[in-house]
*Asks:* 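Here it is: the structure, laid out below.
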Amino acid sequence: MQSYQMNNLKALLADTLCEKSEGYVMEQLFNRYTTLSELLDVTEHELLTIKGIGKSKARQIVSALQLARILNAPGQQAYTISSPKDAADLMMPELAYLQREHFVLLFLNTKNRVIGKETIAIGSLDSCIVSPMQVYKAAVKRSSAAIIAVHNHPSGDPTPSREDIALTERLVTAGEIMGVQLLDHLIIANENYCSMKERGLM
């Protein structure tokens with residue numbers, strides 16, 4: 001069971017970091033931390049001692065491991081989203097300092113508890129093409145009651161663009177048709193974030 005969990009976690013991290021599962025960074029990480037408990041307790045400082053892992057990648061790894069811990073810890077309540085800040089706090093370590101736009105979905109159940117996460121698209125420095133079909137196909141696959149969309153602005157400015165606002169409007173409309181509510185669309189830039197919900201843009 002431990003080996004199965006480690007292999008699944010390795011595949012998840014490799015996908016999150018856009019690395020190969022058998023590449024140097026992943027091999028160094030999993031050779032150094034050989035058990036699930038060791039890996040889930042790793043710190044950003046420890047990760048920085050591994051060649052090929054910089055500050056940005058260390059933040060991504062810690063964030064992904066945090067989510068894995070939340071979703072898989074037996075007997076513990078899953079992470080519940082009760083405000084835009086809750087979602088921003090969860091995703092900021094992973095997205096804050098990326099150099100390309102990443103569009104990520106958080107999948108929630110009827111109690112607004114996170115039941116999964118998926119990177120839907122990776123774009124360029126200032127754009128990321130996403131369609132409502134991609135978003136709701138992933139949401140329906142996971143039997144989500146609601147979703148939160150999150151993407152980053154490498155520019156450091158979380159102000160939504162016209163394209164961001166237009167996409168949010170399309171996602172809201174598609175969600176009403178599909179029966180899956182879009183609770184919010186967050187934009188993360190460095191240590192700041194913008195909530196479309198709070199801005200009255202959805």
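These values consider heavy atoms only, across backbone and side chains, with no hydrogens, waters or symmetry-generated copies.
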*Asks:* State which residues pass side-chain hydrogen bond (donor to acceptor under 3.5 Å, both in side chains) with E27; sequence neighbours excluded, sorted by chain then number.
*Replies:*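 For E27, the residues satisfying side-chain hydrogen bond (donor to acceptor under 3.5 Å, both in side chains) (neighbours in sequence not counted) are K10.
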*Asks:* Applying side-chain hydrogen bond (donor to acceptor under 3.5 Å, both in side chains), which residue pairs with at least one partner in residues 95-112 are found, sequence neighbours left out?
*Replies:*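 Checked against side-chain hydrogen bond (donor to acceptor under 3.5 Å, both in side chains) - neighbours excluded - the pairs reaching residues 95-112 are Y97-E191.
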*Asks:* Is a side-chain donor or acceptor of T34 paired with a backbone partner of F30 at a separation under 3.5 angstrom?
*Replies:* no
*Asks:* If only atom types and distance count, is the side chain of S195 paired as donor or acceptor with the main-chain N or O of K197 below 3.5 Å?
*Replies:* yes
*Asks:* Between E176 and Q181, is the side chain to side chain contact (heavy atoms under 4.5 Å, CB included) condition met? List the steps.
*Replies:* CA-CA 7 Å; E176 292 172 350; Q181 184 182 9; over 6 Å; no
*Asks:* My understanding is that only residues two or more places apart in sequence, or in another chain, count here; which of them pass side-chain hydrogen bond (donor to acceptor under 3.5 Å, both in side chains) with N192?
*Replies:* none
*Asks:* Do you know which of D157, T159, D164 makes side chain to side chain donor-acceptor pair (under 3.5 Å) with S161?
*Replies:*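 It is D164, the one option of D157, T159, D164 that forms the side chain to side chain donor-acceptor pair (under 3.5 Å) with S161.
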*Asks:* The criterion is salt bridge (Lys or Arg N to Asp or Glu O under 4.0 Å); which residues satisfy it with D86, sequence neighbours excluded?
*Replies:*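 Residues passing salt bridge (Lys or Arg N to Asp or Glu O under 4.0 Å) with D86: none at all.
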*Asks:* Would you say that T43 contacts V62 through its side chain, given a criterion of any heavy-atom pair below 4.5 Å between the two side chains?
*Replies:*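 No - every pair of side-chain heavy atoms lies 4.5 Å or more apart.
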*Asks:* State, yes or no, whether a side-chain contact exists between I81 and L183 at a heavy-atom distance under 4.5 Å.
*Replies:* no
*Asks:* What pairs of residues pass the side-chain hydrogen bond (donor to acceptor under 3.5 Å, both in side chains) test when at least one of them lies in residues 50-62, not counting sequence neighbours?
*Replies:*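 Only E19-K57 qualify under side-chain hydrogen bond (donor to acceptor under 3.5 Å, both in side chains).
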*Asks:* Mind checking what makes side-chain contact (heavy atoms from CB on, under 4.5 Å) contact with A14, not counting sequence neighbours?
*Replies:* S21, M26
*Asks:* Taking all non-hydrogen atoms of both residues, which atom of P158 and which atom of C194 are closest, and how far apart?
*Replies:*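 That closest heavy-atom pairing would be O-CB, 3.3 Å.
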*Asks:* Under a 3.5 Å distance rule, please check whether S131 uses its side chain to pair with a backbone N or O of Q134 as donor and acceptor.
*Replies:* yes
*Asks:* Considering only residues two or more places apart or on different chains, which pairs with a residue in residues 110-144 satisfy ring-ring contact (aromatic ring centres under 6.0 Å, His included)?
*Replies:*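 Matches after skipping sequence neighbours: none remain.
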*Asks:* So, using side-chain hydrogen bond (donor to acceptor under 3.5 Å, both in side chains) as the criterion, who are the partners of S155 when residues are at least two apart?
*Replies:*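 Scan of S155 (side-chain hydrogen bond (donor to acceptor under 3.5 Å, both in side chains), adjacent residues dropped) gives none.
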*Asks:* Does anything in residues 47-67 pair up under ring-ring contact (aromatic ring centres under 6.0 Å, His included), and if so which pairs, sequence neighbours excluded?
*Replies:* none
*Asks:* Taking only residues two or more places apart in sequence or in another chain, which ones pass side-chain contact (heavy atoms from CB on, under 4.5 Å) with K141?
*Replies:* none
*Asks:* Indicate the atoms forming the closest heavy-atom contact of L182 with M202, along with that distance.
*Replies:*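 So the minimum-distance heavy-atom pair works out to O-CE, 3.2 Å.
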*Asks:* Are T49 and R32 close enough, and set up right, to give a side-chain hydrogen bond (donor to acceptor under 3.5 Å, both in side chains), and what steps lead you there?
*Replies:* CA-CA 11 Å; T49 66; R32 182 175 299 191; 2.7 Å; yes
*Asks:* Pair L106, L90 - check side chain to side chain contact (heavy atoms under 4.5 Å, CB included), show working.
*Replies:* CA-CA 10 Å; L106 293 177; L90 180 62; 4.1 Å; yes
*Asks:* The criterion is salt bridge (Lys or Arg N to Asp or Glu O under 4.0 Å); which residues satisfy it with E46, sequence neighbours excluded?
*Replies:*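 Counting only residues at least two positions away or on another chain, E46 forms no salt bridge (Lys or Arg N to Asp or Glu O under 4.0 Å).
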*Asks:* Who are the ring-ring contact (aromatic ring centres under 6.0 Å, His included) partners of H185, not counting sequence neighbours?
*Replies:* F103, H151
